[in-house]
Amino acid sequence: FPVTILPDAWKEWWSTPKGEDRNYVAFLGKDNIVFHTLIFPMLLMSKGDMILPQYVPANEFLNFEGKKFSKSNNWGIFLRDYQKDFPGESNTDILRYALATNLPESKDSDFTWKDFQAKTNNELAAIPGNFINRVTQFLTKNFDGKVPNLQGKYADLPSQWHALIDWFNEKSWDSKEEMIDEIPASFSEIFNEYDLLMIASLYWGMHSTKQSYLGFRLRDAVMETMNIARSANKYFNDCEPWKSIKANPEEAAKTLYVCSQVLNALSIAFAPIIPHTANSIVTGK
């Protein structure tokens, strides 16, 4: 196919924007700090009206099985080999997750296949994977695979949820525990103790995840997102919808409505790290 060459297209990226909110962020290893904070900015400044790096999040070194990566010594993991041995988008996400949780943000870190296996089985599968499976299976069996339609006592729950979030937003909190302790008693008319704990954990976790991403702390962002998934598993266990579906169907519908909202939130929070899996949470594909 013919290729159209646009000689001035680079200016869209490197020229100082006028009236635009654009940042140049340089992700790099510690061995490139001097070049990208001194030499390269000097070159850009010498050209005139050029955008300069606003943030330079630099990582330490990632080693492999206790030794430095070395292409000449054939020591490392090459993506083409990984994708050949572990084909499919889900396996790509697993590698992305393992790398994100092991980023050498403050000191050198080490990638090992044993740790990779543990993160796959003991974290991804056991925490968010477990919650996603339990909720979707329960929805399929009892609610035709759809988010429950709240009726009766809980018909006004969505608006009350919004009101609770507005209340959370009224002030800055020092801890999640402080926030939970001060929730007005009026919200207990529609939410039980487990609901309030889950919604508070979701609010706190999403806020913390956002702040971590804005600060380029990817490991912390993943940890905060996983904490939401941990709270979600506990919520499902505490509410015992497999019992309430028989004794109190409206209560079970409320529990699964909350779980469905948490699933949607997890798909958003996980998207930067495991995008294919995050998309499948909401599409089922």
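All values derive from a computational prediction rather than experimental measurement.
Residues Ile33 and Leu52 do not share a hydrophobic cluster, defined by chaining ILVMFWY side chains whose heavy atoms lie under 4.5 Å apart. Residues Leu214 and Met223 do not share a hydrophobic cluster, clusters being chains of Ile/Leu/Val/Met/Phe/Trp/Tyr side chains in contact below 4.5 Å. In terms of hydrophobic clustering, with Ile, Leu, Val, Met, Phe, Trp and Tyr side chains grouped at heavy-atom distances under 4.5 Å, Phe78 and Trp75 are assigned to different clusters. Under a hydrophobic-cluster definition in which Ile, Leu, Val, Met, Phe, Trp and Tyr are linked whenever side-chain heavy atoms come within less than 4.5 Å, directly or via other members, Leu28 and Phe40 are assigned to different clusters. Residues Leu99 and Ile77 fall within the same hydrophobic cluster, defined by Ile, Leu, Val, Met, Phe, Trp and Tyr side chains chained together at heavy-atom separations under 4.5 Å.
Shown here is Glu65, whose CD atom has more than 12 heavy atoms of other residues, nucleotides or ligands within 6.0 Å. Remark: His207 NE2 is loosely packed, at most 12 non-hydrogen atoms of other residues, nucleotides or ligands lying under 6.0 Å away. Taking a 6.0 Å sphere around NZ of Lys176, one finds it holds more than 12 heavy atoms contributed by other residues, nucleotides or ligands.
How far CG of Asn73 is from NZ of Lys67: 7.5 Å, rounded to the nearest 0.5 Å. Note that the CE atom of Met179 and the CG atom of Leu196 stand 10.5 Å from one another [nearest 0.5 Å]. Considering CZ of Arg96 and CD1 of Ile274, their distance stands at 9.5 Å, rounded to 0.5 Å. Interatomic distance, CG of Asn102 versus CZ of Phe111, reported as 8.0 Å (0.5 Å rounding). Atom NZ of residue Lys210 and atom CE of residue Met206 lie 10.0 Å apart, to the nearest 0.5 angstrom. To the nearest 0.5 Å, atoms NZ (Lys119) and OG1 (Thr112) are separated by 9.0 Å.
Inter-residue side-chain proximity for Gln211 and Asp220 is flagged as unmet; no heavy-atom pair is nearer than 4.5 Å. By the 4.5 Å heavy-atom criterion applied to side chains, Ile199 and Phe168 are counted as neighbours. Looking at heavy atoms from C-beta onward, Leu139 lies in side-chain contact with Pro148 at the 4.5 angstrom threshold. Residues Met226 and Phe270 form a side-chain contact, since some pair of their non-hydrogen atoms from C-beta on lies under 4.5 Å apart. A heavy-atom distance below 4.5 Å is found between the side chains of Glu182 and Trp167. Looking only at side-chain heavy atoms (C-beta outward), Leu79 and Leu95 come within less than 4.5 Å of each other. Taking 4.5 Å as the limit, some side-chain heavy atom of Trp242 sits within range of a side-chain heavy atom of Arg134.
A donor-acceptor pair under 3.5 Å links the side-chain atoms of Asn142 to the main chain of Phe138, judged by distance alone. Looking at Asn133, its side chain never comes within 3.5 Å of a backbone N or O of Gly129 through a donor-acceptor pair. A donor-acceptor pair under 3.5 Å is absent between the side-chain atoms of Asn91 and the main chain of Gln83, judged by distance alone. With Asp93 contributing its side chain and His276 its backbone, the two residues share a donor-acceptor pair below 3.5 Å. Judged by distance alone, with hydrogens and angles left aside, the side-chain atoms of Asn59 form no donor-acceptor pair with the main-chain N or O of Gly29 at under 3.5 Å.
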Under 3.5 Å, which donor-acceptor pairs do the side chains of residues 159-166 form with other protein atoms, sequence neighbours left out?
unit_1	atom_1	unit_2	atom_2	d
Ser159	OG	Asp156	O	2.9
Ser159	OG	Asp156	OD1	2.4
Ser159	OG	Asp156	OD2	3.2

Which atom pairs, donor and acceptor, lie under 3.5 Å between side-chain atoms of residues 251-267 and protein residues at least two apart or in another chain?
unit_1	atom_1	unit_2	atom_2	d
Glu251	OE1	Tyr154	OH	2.4
Glu251	OE2	Asn192	ND2	3.2
Glu251	OE2	Lys254	NZ	2.8
Lys254	NZ	Asp195	OD1	3.2
Lys254	NZ	Asp195	OD2	2.5
Thr255	OG1	Glu251	O	3.1
Ser260	OG	Leu256	O	2.8
Ser267	OG	Asn264	O	2.5

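Figure legend: cation-pi geometry between Lys171 and Trp173, with NZ or CZ positioned under 6.0 Å from the six-membered ring centre and within 45° of its axis.
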* **Residues Asp108, Lys30; criterion salt bridge (Lys or Arg N to Asp or Glu O under 4.0 Å); working and verdict** => CA-CA 10 Å; Asp108 291 355; Lys30 61 183 178 181; 3.3 Å; yes
* Does the side-chain hydrogen bond (donor to acceptor under 3.5 Å, both in side chains) test come out yes or no for Asn227 and Arg230, once each step is laid out? -> CA-CA 5 Å; Asn227 284 339; Arg230 288 187 177 92; 3.1 Å; yes
* To do: Kindly determine whether Asn149 and Phe143 satisfy side-chain contact (heavy atoms from CB on, under 4.5 Å), including the steps that lead there.
  => CA-CA 9 Å; Asn149 182 24; Phe143 297 98; over 6 Å; no
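When all heavy atoms are compared, the tightest approach of Leu150 to Pro158 is CD1-CD, 4.1 Å. Of all the heavy atoms in Ile51 and Leu44, the pair that sits closest is O-CD1, 3.5 Å. Between Gly66 and Asp110, the closest heavy-atom pair is N-OD1, 2.8 Å. Scanning all heavy atoms of the two residues, the minimum distance from Trp10 to Pro7 falls at CD1-O, 3.1 Å. Between Val25 and Pro57, the closest heavy-atom pair is CG1-CD, 3.7 Å. Of all heavy-atom pairs spanning Met198 and Ala232, the tightest one is SD-CA, 3.6 Å.
Residues meeting the side chain to side chain contact (heavy atoms under 4.5 Å, CB included) test with Leu38, sequence neighbours left out: Val34.
Residues Phe69 and Phe64 bring their aromatic ring centres within 6.0 Å. In summary, the aromatic rings of Phe216 and Phe27 are positioned with their centroids under 6.0 Å apart. A centroid separation of less than 6.0 Å is found between the aromatic rings of Tyr24 and Trp14.
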